[in-house]
Amino acid sequence: MGDLLKTGINTKYLAPIIVAYAAAAGLLGIDRVAQVQTLLQHAGFAGVAGIVMLVLQELFPRSVKEVLVFWRLRDRVPGCRAFTGFAPKDPRVDPTDLAVLLPSALMTPTEQNALWYKWLKATENDPAIADNHRRFLILRDSAVLLALLTLATPVLLLWPASDPARILMLGGGVLLTYVFVALSARNAAVRLVGNVVARKVGTA
């Protein structure tokens, strides 16, 4: 189901990021609109760099993507705090009903995530859960791509006609966008955790 949810993300969501990045690089690389050749050169160079980053994004293991989105080295995903951090604050979750479904012993973050993931697999065919999951995957992969583009932007300085101030402007814009999208991905993940727990408790 996870692979199915990722279908079309590259073409519908990540490719437009590359196009926008290349266009911004092209526009920031010219002094006058008449310099169409320079615009195309800058945009093309940025586009190639973006495509390389898109390929790298696909090669990255999930653990690296989680670090780039959640900014944690350990117990990265919200599922690690599903039952000690999020469920107790969710008004939809009855503590008594939840306790019946949990082991009596205190769970480690890894055990919490494993149990939550098991619940996700049991509810992933629910349209609301599937939509929430897909939104998270879109935002996660977009954030990872933007992080890579931020790291790749200084490479544009190698272009002979590049303007350092404008490259810095481009890099700053991409960095801010990455932070915004990463925070959105994090919020989507927290919602997914809460929705799965609420759905599981409500149907138990």
Side-chain angles (χ1 to χ4, degrees), residues 1-10 13-14 17 56-151 174-204:
M1 185 66 175
D3 291 338
L4 185 60
L5 291 174
K6 290 195 66 175
T7 301
I9 289 180
N10 281 356
Y13 301 97
L14 301 189
I17 292 176
L56 286 178
Q57 185 272 148
E58 283 296 313
L59 296 177
F60 273 15
R62 187 173 58 191
S63 58
V64 174
K65 293 184 178 183
E66 291 169 354
V67 170
L68 290 173
V69 169
F70 299 108
W71 305 340
R72 285 171 168 261
L73 294 178
R74 296 182 58 189
D75 305 329
R76 297 175 295 271
V77 294
C80 292
R81 295 167 293 283
F83 307 114
T84 55
F86 300 114
K89 300 176 183 177
D90 195 327
R92 300 171 298 174
V93 178
D94 186 294
T96 303
D97 292 340
L98 176 62
V100 172
L101 300 174
L102 299 179
S104 56
L106 187 65
M107 290 188 292
T108 66
T110 301
E111 291 171 338
Q112 288 188 61
N113 188 56
L115 179 58
W116 175 82
Y117 186 74
K118 183 179 179 180
W119 290 8
L120 170 64
K121 300 305 290 183
T123 59
E124 65 180 353
N125 289 326
D126 181 285
I129 298 296
D131 181 68
N132 194 172
H133 194 182
R134 179 170 169 79
R135 286 175 185 271
F136 163 66
L137 293 175
I138 291 169
L139 289 168
R140 183 199 66 182
D141 286 358
S142 296
V144 171
L145 177 59
L146 288 164
L148 292 175
L149 289 174
T150 300
L151 296 175
V174 176
L175 175 62
L176 287 176
T177 306
Y178 155 67
V179 171
F180 176 77
V181 175
L183 291 174
S184 298
R186 188 181 305 183
N187 290 335
V190 170
R191 282 196 300 272
L192 178 60
V193 168
N195 288 341
V196 168
V197 173
R199 186 61 51 87
K200 182 67 176 180
V201 172
T203 57

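- No side-chain heavy atom of L149 sits under 4.5 Å from any side-chain heavy atom of Y178.
- In terms of heavy atoms, A87 sits closest to V197 at CB-CG1, 4.1 Å.
- Note that CG of L146 and CG of L68 are 11.0 Å apart. Values are rounded to the nearest 0.5 Å.
- Looking at P78 and L192, their side chains never come closer than 4.5 Å, going by heavy atoms from C-beta outward.
- Checked against salt bridge (charged side-chain N to carboxylate O under 4.0 Å, His left out), R92 has the following partners two or more places apart in sequence or in another chain: D90.
- Between F86 and V93 the shortest side-chain heavy-atom distance does not fall below 4.5 Å.
- When side chains are defined from C-beta on, H133 counts as touching L120, because their heavy atoms get closer than 4.5 Å.
- Listed here is the closest heavy atom pair of G79 and V193: N-CG2, 3.8 Å.
- Looking at heavy atoms from C-beta onward, V69 lies out of side-chain contact with V77 at the 4.5 angstrom threshold.
- Relative to the six-membered ring of W71, R186 meets both conditions, a distance below 6.0 Å and an angle of at most 45° to the axis.
- A donor-acceptor pair is defined here as one N or O able to donate and one able to accept, closer than 3.5 Å; no such pair exists between the side chain of D97 and the backbone of V201.
- Two residues are said to be in side-chain contact when any heavy atoms from C-beta on lie closer than 4.5 Å; F136 and L139 fail this criterion.
- With rounding to the nearest 0.5 Å, the separation of CG in L137 from OG in S142 is 10.5 Å.
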>> side chain to side chain contact (heavy atoms under 4.5 Å, CB included) for R135 and R140? Distances and angles first, verdict last.
In response: CA-CA 8 Å; R135 286 175 185 271; R140 183 199 66 182; over 6 Å; no
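- Annotation: salt bridge (Lys or Arg N to Asp or Glu O under 4.0 Å) contacts involving residues 68-84, sequence neighbours excluded, comprise E66-R76.
- Results of the side chain to side chain donor-acceptor pair (under 3.5 Å) test with N195 over T123, D126, D131, N132 single out N132 as the only residue that passes.
- Between the Q112 side chain and the T84 main chain, a donor and an acceptor come within less than 3.5 Å of each other.
- With sequence neighbours left out, P91 forms a side-chain contact (heavy atoms from CB on, under 4.5 Å) with no residue at all.
- Here the CD-CH2 distance, from E124 to W119, works out to 16.0 Å after rounding to the nearest 0.5 Å.
- Across all their heavy atoms, E111 and M107 have their closest contact at OE1-CA, 3.3 Å.
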